[in-house]
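We number each residue from 1, following the sequence as shown.
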Amino acid sequence: MNAPFHDEPFPEVFGNASQVIVSADEQWIAVSSIGSHRSRVAVYRAADLSCAHLLTFPLDAEAIDFHPTLPLLSIGLNNGDAYQREGCLTLFEPGTGHRVDFADPDWGVEPARWLDARTLELTFFTWESDCSQLQSRATVVRDDWLGLPSDALDLRTLPRTPLPPDTLVEHLDTELTYPLLRSLAEQAGRSYDGLGQVRAVAALSDGRVLATRSHAVVECWSPDGSLLWSVPAPSGIGGSRMEVSADERTVRVAVPGPDSRTRTDFPLVATCDGRVLDRPSVPFAAALSARTDGVWAIRDTYGRGSEAEPPAPPNTRTFAADGTPLGTVHEPDRYDLVPIDVRRCPELLYGRRRRDVIALDPRTAAETTLFPLEPFMVDRPLGRAVYVSDSAGPALLHGRTELVRRTFPAGEVVWTRPLDGEASEVVDLDAHAGVLHALCTDGVLLSVDAADGTVLDRRALPPYGPFSVHAAPDGTVLVGTSAGQILRCRALPSGSRATDPGAPGRGRGAAPAPARSG
């Protein structure tokens, strides 16, 4: 793997740091990150900001705190459930890697904090059947806190003091998190902005790289990794999707408004210098799709919950490459016409009435039915998809929990390839030179032969949060991450093919390739 673009420290917390704390001897930095009832705590060496340990939890890491004198980190966890609360106290020693977990099946632990060198204070939280809040507090006093065995504490039997219902439990001041991370980065000779989330990435034929990122409509990086220009987002929310023109002179970007509901902008940006050539806008949340000749379309995605907010007709609109309106479609139930997330396609594809895949004429709104949808595809037709035209003919490659090749436009299934992990799904995919690259939720970049589905390579990516993928003209695969980095994965050698004991549609494929350093 080549050096990434935007190589910032602390990528393991996805640019979404909740808390940060430094050990008493200033050798260790702990940073927590919470998302969707799963969390991480990364422990870094303060000297060079390298990640020494990465702890993952199925619970929310609500509070982290270093012991006042020992290299010992306490982590209070809870599951955030309003009806069946559970929690845990984790004690971790960065120097030795020793970890011990003490679970409580009925109470969340938030926070856990050291009062002095001998005393750890725990605050417990749960709900009663009438949804009223219950809080209690306990302290644990010990002379020996290092190397504890798993039976050293039983949280359920600790003497607890109930807290009054209106007690305000103090947590770490998260407003100080980002300034502290920036200061720690500067002390180590680096910089940190924490903007993160490369929602879309694309490489141009001259080696430049375009990316949308938090707080930037779109930005451009030179082949050597230096930032050439950036278009700031007026509302502070960056671009969510972009479509590069065939001649690579412009890029169209979808940019949500301040609350992602009342406005969406679709600026057209010159790739040479970042000038905004046009900035059409609609007064609602909308999604962008496009076809290879530059025609683009938007669909109203604003969730209206009452009759007082009727749909704004028309809810599907099509435009020429220069932004000239071409046609409109209004559906009483806008979910009867759902755009398919397909790239490099010569047609605008939609799922019609949760039954068929159709091609929409941008001028007349005439529909051509292509092939039926399987029942399980009704909510997100085809998952992620890319169009290819190779020696086997034109086809759609798509996937969610498995990869599929279909003939185009007939839609006949040529091959299927299940993903390896039972819980793994396709985050994004792209194809180039006969190879399909699928970015998966388990952090693997899976590359398969587009013609027959044979596994060519599996690359374990750094744990920075896979977000977007693009196959560059030279075969390099770019991966945008939640942490804000753009990883560059080298092109596969010509004719490369991993050992594959399973045939497409039956087997699981080759063992994962060793992880490559970033």
Side-chain angles (χ1 to χ4, degrees), residues 15-16 35-36 195-202 211-219 231-243 251-269 276 278-291 295-321 323-343 348-354 360 362 365 378-385 427-428 467-468 480 482:
N16 184 34
S36 300
L195 297 182
Q197 291 194 338
V198 179
R199 300 182 178 95
V201 61
T212 64
R213 208 159 62 91
S214 298
H215 304 284
V217 169
V218 62
E219 57 191 20
V231 180
S235 64
I237 299 176
S240 60
R241 179 166 178 169
M242 62 181 176
E243 296 289 342
V251 58
R252 179 78 63 180
V253 189
V255 186
D259 60 2
S260 303
R261 292 162 60 92
T262 57
R263 190 181 85 239
T264 308
D265 298 331
F266 297 95
L268 183 66
V269 180
V276 178
D278 187 26
R279 196 187 290 270
S281 181
V282 292
F284 46 80
L288 171 69
S289 56
R291 65 185 194 185
V295 168
W296 53 287
I298 65 170
R299 171 179 174 260
D300 180 359
T301 59
Y302 175 47
R304 295 172 175 80
S306 69
E307 295 181 0
E309 294 182 304
N315 45 36
T316 297
R317 311 179 187 190
T318 57
F319 304 85
T324 302
L326 296 178
T328 61
V329 180
H330 173 63
E331 291 292 332
D333 180 355
R334 58 205 172 106
Y335 294 103
D336 279 350
L337 191 66
V338 179
I340 294 174
D341 191 0
V342 57
R343 62 204 319 177
L348 292 175
L349 299 185
Y350 289 80
R352 160 57 76 183
R353 291 192 173 86
R354 307 188 178 188
L360 181 70
V378 297
D379 295 326
R380 195 157 57 106
L382 302 186
R384 297 284 188 172
V427 177
D428 199 6
F467 217 77
S468 54
S482 297

S.K.: Measure across Ala233 and Ile237 and return the closest heavy-atom pair with its distance rounded to 0.1 Å.
M.R.: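 Answer, listing the atom of Ala233 first, then Ile237: CB-O, 3.0 Å.
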S.K.: With a 4.5 Å limit on heavy-atom distance, are the side chains of Phe467 and Val201 in contact?
M.R.: no
S.K.: How long is the straight-line distance from OG1 of Thr301 back to CG of Asn315, given to the nearest 0.5 Å?
M.R.: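 If we round to the nearest 0.5 Å, Asn315:CG and Thr301:OG1 are 10.5 Å apart.
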S.K.: Is there a side-chain contact between Leu348 and Pro362 (heavy atoms, below 4.5 Å)?
M.R.: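 With C-beta onward as the side chain, the pair touches.
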S.K.: Can you name the side-chain contact (heavy atoms from CB on, under 4.5 Å) partners of Asp341, sequence neighbours left out?
M.R.: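 Result, side-chain contact (heavy atoms from CB on, under 4.5 Å) vs Asp341: Arg241, Arg384.
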S.K.: May I ask you to test the Thr316-Glu331 pair for a side-chain heavy-atom distance under 4.5 Å?
M.R.: no
S.K.: Can you name the closest pair of heavy atoms from Ser240 and Ala200 and give their distance?
M.R.: O-CB, 4.4 Å
S.K.: Less than 4.0 Å between a side-chain N and a carboxylate O, is that true for Arg291 and Glu243?
M.R.: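 Here Glu243 does not pair with Arg291 in a salt bridge, since their nearest N and O are not under 4.0 Å apart.
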S.K.: Return the set of residues passing side-chain contact (heavy atoms from CB on, under 4.5 Å) with Ala320 (not counting sequence neighbours), or none when no residue passes.
M.R.: Asp322, Thr324, Leu326
S.K.: In chain order, what residues pass the side-chain hydrogen bond (donor to acceptor under 3.5 Å, both in side chains) check against Thr328, with sequence neighbours excluded?
M.R.: none
S.K.: Please report the shortest heavy-atom distance between Val276 and Pro267, naming the atom on each side.
M.R.: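 Closest approach of Val276 to Pro267: CG1-CB, 4.1 Å.
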S.K.: Taking the side chain as every heavy atom from C-beta outward, state whether Ser482 and Arg199 have any pair of such atoms under 4.5 Å apart.
M.R.: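 No; the side chains remain at least 4.5 Å from each other.
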S.K.: If the condition is side-chain contact (heavy atoms from CB on, under 4.5 Å), which residues does Pro325 pass it with, not counting sequence neighbours?
M.R.: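 Listed in chain order: Phe319.
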S.K.: Just how far is it from atom CD1 of Ile340 to atom CZ of Arg352, taken to the nearest 0.5 Å?
M.R.: 12.0 Å
S.K.: Counting C-beta onward and ignoring hydrogens, is there a side-chain heavy-atom pair between Pro381 and Tyr350 closer than 4.5 Å?
M.R.: no
S.K.: Among all residues two or more places apart in sequence or in another chain, which pass the side-chain hydrogen bond (donor to acceptor under 3.5 Å, both in side chains) test with Arg299?
M.R.: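 Checked Arg299 against side-chain hydrogen bond (donor to acceptor under 3.5 Å, both in side chains); zero matches.
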S.K.: To the nearest 0.5 Å, tell me how far His215 NE2 sits from Gln197 CD.
M.R.: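 Result: 9.0 Å between the selected atoms.
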S.K.: Any luck finding a side-chain donor-acceptor pair between Asp428 and Ser468 under 3.5 Å?
M.R.: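 No - no donor-acceptor pair under 3.5 Å links their side chains.
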S.K.: side-chain contact (heavy atoms from CB on, under 4.5 Å) with Ala202: which residues, sequence neighbours excluded?
M.R.: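 Testing Ala202 for side-chain contact (heavy atoms from CB on, under 4.5 Å), a comparison that skips the adjacent residues, returns Met242, Val244, His470.
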S.K.: State, yes or no, whether a side-chain contact exists between Val217 and Pro234 at a heavy-atom distance under 4.5 Å.
M.R.: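 Yes, at least one pair of side-chain atoms sits under 4.5 Å.
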S.K.: Between Pro339 and Leu349, is there a side-chain heavy-atom distance shorter than 4.5 Å?
M.R.: no
S.K.: For a 4.5 angstrom cut-off between non-hydrogen side-chain atoms, does Thr212 reach Val253?
M.R.: yes
S.K.: Using atom types as modelled and distance alone, determine if a side-chain donor or acceptor of Thr264 lies under 3.5 Å from a backbone N or O of Phe284.
M.R.: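 Yes, because the side chain of Thr264 sits within donor-acceptor range (under 3.5 Å) of the backbone of Phe284.
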S.K.: Measure across Ile298 and Ala286 and return the closest heavy-atom pair with its distance rounded to 0.1 Å.
M.R.: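 Heavy atoms of Ile298 and Ala286 come nearest at CB-CB, 4.3 Å.
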